[in-house]
Amino acid sequence: AFHSNRFSGALVSQTNKLIGAFETFWDTIVWALMPIATGILVATAVLAFVMWPYAIFLFTMSVAFIVLVFFATRRMRDLTVAEAHAANRMTGFLADVMTNIAAVKAQGSEPDEKEAASEVAEIRTARDLDVMRSFLKFSAGYASVITIINTGAVAAAVMAADAGVVNIG
């Protein structure tokens with residue numbers, strides 16, 4: 001019953017996306033999140049002995065960044081799910097029309113199929129734009145937090161040099 005109610009093209013598209021998503025998930029965990037988490041913990045531990053106010057600042061800003069990423073990811077997930085559904089619908093629609101092109105031509109329903117394809121493409125384009133706009137908004141948020149962290153790093157370096165904790169030359 002599941003397969004009979006689905007476009008064959010959409011099933012192929014969903015299968016390919018699932019495999020890609022699974023691979024991306026584990027790549028992100030192993031090659032992105034683990035090194036970042038390790039770096040934050042080690043930097044905080046080392047800085048706690050050298051300049052504890054900066055260690056607290058860095059840890060607090062890292063937690064703020066993680067919270068921002070968490071909520072942004074949840075919002076992006078909803079948008080990318082909608083985008084994936086639109087892509088699956090478009091792929092399935094086009095695959096089935098191409099497969100049944102002889103029937104479409106024989107029944108003279110090309111104008112109807114073109115109109116339906118245009119509607120499906122418009123929905124897909126709208127979902128793609130939603131994802132891009134949201135990504136740009138969240139990127140601005142990420143950049144703001146990173147700018148604050150970098151500004152704090154410069155301020156901490158100046159304070160450390162002034163206090164004689166570090167030697168700049």
Side-chain angles (χ1 to χ4, degrees), residues 1-41 43 57-154:
F2 174 80
H3 295 286
S4 63
N5 293 331
R6 303 278 183 184
F7 288 125
S8 60
L11 288 173
V12 171
S13 178
Q14 287 173 334
T15 302
N16 288 337
K17 286 180 191 260
L18 175 64
I19 292 167
F22 184 76
E23 194 173 315
T24 301
F25 172 77
W26 283 110
D27 284 350
T28 301
I29 296 292
V30 172
W31 301 111
L33 297 180
M34 294 299 285
I36 289 170
T38 303
I40 290 170
L41 292 175
F57 168 78
L58 181 64
F59 185 76
T60 302
M61 292 309 299
S62 296
V63 169
F65 186 77
I66 290 167
V67 168
L68 176 66
V69 168
F70 175 76
F71 286 110
T73 302
R74 292 184 75 183
R75 172 71 178 135
M76 288 296 295
R77 179 194 63 205
D78 295 340
L79 292 172
T80 55
V81 165
E83 179 189 31
H85 286 302
N88 288 341
R89 183 170 178 228
M90 186 170 136
T91 301
F93 178 84
L94 293 176
D96 288 340
V97 167
M98 296 296 200
T99 303
N100 298 319
I101 194 72
V104 170
K105 286 186 178 277
Q107 294 177 359
S109 58
E110 284 181 75
D112 295 334
E113 294 294 341
K114 284 182 182 178
E115 185 177 325
S118 178
E119 290 173 11
V120 169
E122 286 175 18
I123 292 169
R124 164 107 192 254
T125 302
R127 297 300 81 81
D128 287 346
L129 286 173
D130 290 344
V131 169
M132 284 189 279
R133 286 184 188 115
S134 189
F135 178 77
L136 290 174
K137 288 177 190 174
F138 293 128
S139 293
Y142 301 155
S144 299
V145 172
I146 290 170
T147 300
I148 292 168
I149 290 172
N150 288 337
T151 303
V154 170

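By convention here, the first residue in the shown sequence is residue 1.
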Task: salt bridge (charged side-chain N to carboxylate O under 4.0 Å, His left out) partners for Asp128, two or more places apart - done: Arg124
Open item on the list: To the closest 0.5 Å, what do you measure between CG (Leu94) and OG1 (Thr99)?
Closed with: 10.5 Å
Task: Non-neighbouring partners of Val81 that pass side-chain contact (heavy atoms from CB on, under 4.5 Å), sequence neighbours left out - done: Arg77, His85
- [ ] Hey, could you give me the CZ/CZ distance between Arg75 and Phe70, rounded to the nearest 0.5 Å?
- [x] 15.0 Å
Open item on the list: In the structure I gave you, are the side-chain heavy atoms of Lys114 and Ser118 within less than 4.5 Å of one another anywhere?
Closed with: no
Task: Residues, nucleotides or ligands: over 12 heavy atoms within 6.0 Å of Glu110 CD - done: yes
Side-chain donor/acceptor pairs under 3.5 Å, residues 134-149, sequence neighbours excluded:
unit_1, atom_1, unit_2, atom_2, d
Ser139, OG, Phe135, O, 2.8
Ser144, OG, Ala140, O, 2.9
Thr147, OG1, Ala143, O, 2.8

Task: Side-chain touch Arg127/Leu79, heavy atoms, less than 4.5 angstrom - done: no
Task: Under the salt bridge (charged side-chain N to carboxylate O under 4.0 Å, His left out) test, residues paired with Glu119 that sit two or more places apart - done: none
Task: Results of side-chain contact (heavy atoms from CB on, under 4.5 Å) for Ile36 - residues two or more places apart only - done: Ile40
Open item on the list: Restricting to side-chain contact (heavy atoms from CB on, under 4.5 Å), what partner residues turn up for Leu129, sequence neighbours left out?
Closed with: Thr125, Met132, Arg133
TODO: Give the minimum heavy-atom separation between Glu83 and Val131, together with the two atoms involved.
DONE: OE1-CG2, 3.6 Å
